[in-house]
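Data block below; observations after.
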Amino acid sequence: MARILADKDIKRIIDRVLIDADEKLLNPNGIELRLGKHVRFHSTGEEKELAPGMFLQVNPGETVIITSLEVIDFTADTLRSIIPDTMLMGFITPTTTMMREGISQVATKVDAGFKGQLNWSLRNGSIQNLVLQYGEPIFKLTIFALSSDESPELAYGDRDKDSYQNTEGIARSNRRIPADIPKSKIISSNIERIDAKKQLKEAGYPFDHIGTELIALHGKFELVSSDVRVMKEEFTQKTSELSNKIEKETSTLSTKIEDTKNNLLDSADILFDRKFYRTTGIIIGAIPVLYAIASFVENTPSVAQYTTLIAFGSGLAIWIVSYYLTKK
């Protein structure tokens, strides 16, 4: 039956099975593994390297792929001289220290026959920047010794699909999907029906708090929007009323201007007619008056004196009639 190796058993395989492991990091039933030099940021796809004395910063909500400083060698050739007729497998679990800081890490296993650096992911679920030092213990390895009847027929690395054997640094996922998938073959949720606020509330702290705040803010925004809409409607109504009033006043003023213009034209026509008739009357009346004056000056016979008086009276009469006819 498989048994968990105790600290004294793990101590025996340090440097041969657990290459570059630190004996000081032994636990009663496991050993802590440390942050290696390779890191890949999921959000940007960047791959960077750490060195002694350097630190890795993981932002809130960010996920990174990291490597172990130690190299694991669970191959049968290595174990044959140390633990005959036994194969080893392991479980990787988070340290409680990391969990206390809000770091999310998944448990995984190390298959019998594996050799290489471990790749592991961690996610900063806290609201603070996570800072890890190169070589700092971040996950724990628990090792199981398998009896001969529990050892696999084909150890890890003996199959063609074991593509992570002899891993150095970050090994990319070997999962493959077709480059062009017809839309009719894809089943997915309707993104238009996704309730972002609900997703935030269900995502856990701190996103649930953000979701609650957004919902409250959305409610306030709706109130403000409602007030703005009412103000806009009132403004539109008043603007329309003012526009109608201006249009009405403009129309009235235009009518008055047109009437005044017509009145002025009529008055001008009347005035012109009056002056024309008066002037004409003066000219016509002046002819007999001038004739009478000329006859009087020449001392014409008495018979002609009556004609002179008649001419003078006629001219004077014409003037008087013209005056009264052209008077307002």
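What's counted below: heavy atoms across the whole structure, side chains too, no hydrogens, waters or symmetry copies.
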Q: Run the numbers on Glu249 and Ile246 for side-chain contact (heavy atoms from CB on, under 4.5 Å), then give the verdict.
A: CA-CA 5 Å; Glu249 293 294 333; Ile246 292 174; 5.8 Å; no
Q: May I have the step-by-step check of salt bridge (Lys or Arg N to Asp or Glu O under 4.0 Å) for Asp20 and Arg34, ending in yes or no?
A: CA-CA 10 Å; Asp20 296 328; Arg34 296 165 292 172; over 6 Å; no
Q.
Could you go through Ser68 and Gln117, starting from their C-alpha distance and side-chain angles, then the distance that decides it, and tell me whether this counts as side-chain hydrogen bond (donor to acceptor under 3.5 Å, both in side chains)?
A. CA-CA 6 Å; Ser68 61; Gln117 288 180 312; 5.5 Å; no
Q: Under the side-chain hydrogen bond (donor to acceptor under 3.5 Å, both in side chains) rule, what do Ser81 and Arg16 come out as? Steps first, then yes or no, please.
A: CA-CA 10 Å; Ser81 60; Arg16 299 178 66 183; 3.1 Å; yes
Q | Trace of the side-chain contact (heavy atoms from CB on, under 4.5 Å) decision for Ile10 with Leu26 | A | CA-CA 8 Å; Ile10 297 173; Leu26 281 170; 3.4 Å; yes
Q: Assess whether side-chain contact (heavy atoms from CB on, under 4.5 Å) is satisfied between Trp120 and Thr108, documenting all intermediate values.
A: CA-CA 9 Å; Trp120 211 26; Thr108 186; 3.8 Å; yes
Q: Go through the steps to decide whether Leu35 and Leu69 satisfy the test side-chain contact (heavy atoms from CB on, under 4.5 Å), and finish with yes or no.
A: CA-CA 6 Å; Leu35 175 63; Leu69 183 61; over 6 Å; no
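Interatomic distance, Asp7 CG to Glu23 CD, rounded to the nearest 0.5 Å: 9.5 Å. Going from atom CD1 of Ile103 over to atom CZ of Phe139 covers 14.0 Å, rounded to the nearest 0.5 Å. Interatomic distance, His42 NE2 to Ile65 CD1, rounded to the nearest 0.5 Å: 4.0 Å. Considering OG of Ser243 and NZ of Lys248, their distance stands at 13.5 Å, rounded to 0.5 Å. Atom CE of Met98 is separated from atom CD of Gln105 by 7.0 Å, given to the nearest 0.5 angstrom. Here Leu33 contributes atom CG and Glu70 contributes atom CD; the two are 4.5 Å apart, rounded to the nearest 0.5 Å.
No single ILVMFWY cluster, assembled from side-chain heavy atoms under 4.5 Å apart, contains both Val110 and Ile19. In this structure, Met89 is not a member of the same hydrophobic cluster as Ile14, with clusters built from ILVMFWY side-chain heavy atoms closer than 4.5 Å. Cluster annotation: Leu25 is connected to Ile92 through the hydrophobic network of ILVMFWY side chains, with a link wherever side-chain heavy atoms come within less than 4.5 Å.
Between Ile83 and Leu88, some side-chain heavy-atom pair lies under the 4.5 Å cut-off. The closest side-chain heavy-atom distance from Leu5 to Arg3 is below 4.5 Å. Residues Ile143 and Ile4 form no side-chain contact, since every pair of their non-hydrogen atoms from C-beta on lies 4.5 Å or further apart. Using a 4.5 Å cut-off on side-chain heavy atoms (C-beta onward), Lys37 and Tyr134 make contact. Residues Leu130 and Gln57 have side chains not in contact (no heavy-atom distance under 4.5 Å, counting atoms from C-beta outward). With contacts defined as side-chain heavy-atom distances shorter than 4.5 Å, the pair Thr142/Ile31 does not qualify. Using a 4.5 Å heavy-atom threshold, the side chains of Val39 and Glu49 count as separate. When side chains are defined from C-beta on, Leu18 counts as touching Leu141, because their heavy atoms get closer than 4.5 Å.
Judged by distance alone, with hydrogens and angles left aside, the side-chain atoms of Asn27 form no donor-acceptor pair with the main-chain N or O of Asn29 at under 3.5 Å. Judged by distance alone, the side chain of Asn124 and the main-chain N or O of Gln128 form a donor-acceptor pair under 3.5 Å. With hydrogens and angles disregarded, a donor-acceptor distance shorter than 3.5 Å links the side chain of Thr255 to the backbone of Ser251. Side-chain N or O atoms of Thr236 include one that pairs as donor or acceptor with a backbone N or O of Lys232 at under 3.5 Å. Between the side chain of Glu241 and the backbone N or O of Lys238, no donor-acceptor pair lies under 3.5 Å. A distance-only check finds a donor-acceptor pair linking the side chain of Thr86 to the backbone of Pro84 [under 3.5 Å]. Judged by distance alone, with hydrogens and angles left aside, the side-chain atoms of Glu62 form a donor-acceptor pair with the main-chain N or O of Asn59 at under 3.5 Å.
Surrounding CG of Asn244 are more than 12 heavy atoms belonging to other residues, nucleotides or ligands, all under 6.0 Å away. More than 12 heavy-atom neighbours from other residues, nucleotides or ligands sit within 6.0 angstrom of CD on Glu46.
A pairwise comparison of heavy atoms in Phe74 and Leu79 identifies O-CD1, 3.7 Å as the closest pair. In this structure, Leu56 and Phe41 approach most closely via the heavy-atom pair CD1-CZ, 3.7 Å. The shortest heavy-atom contact between Leu50 and Gly36 is CD1-O, 3.8 Å. Closest heavy-atom contact between Ser126 and Pro60: O-CB, 3.4 Å. Between Ala112 and Leu146, the shortest heavy-atom contact is CB-CD1, 4.3 Å.
Lys109 and Asp111 are joined by a salt bridge, as a carboxylate oxygen and a charged side-chain nitrogen come within less than 4.0 angstrom of each other.
Thr78 and Asp73 are linked by a side-chain donor-acceptor pair at a separation below 3.5 angstrom, with hydrogens and angles left out of the test.
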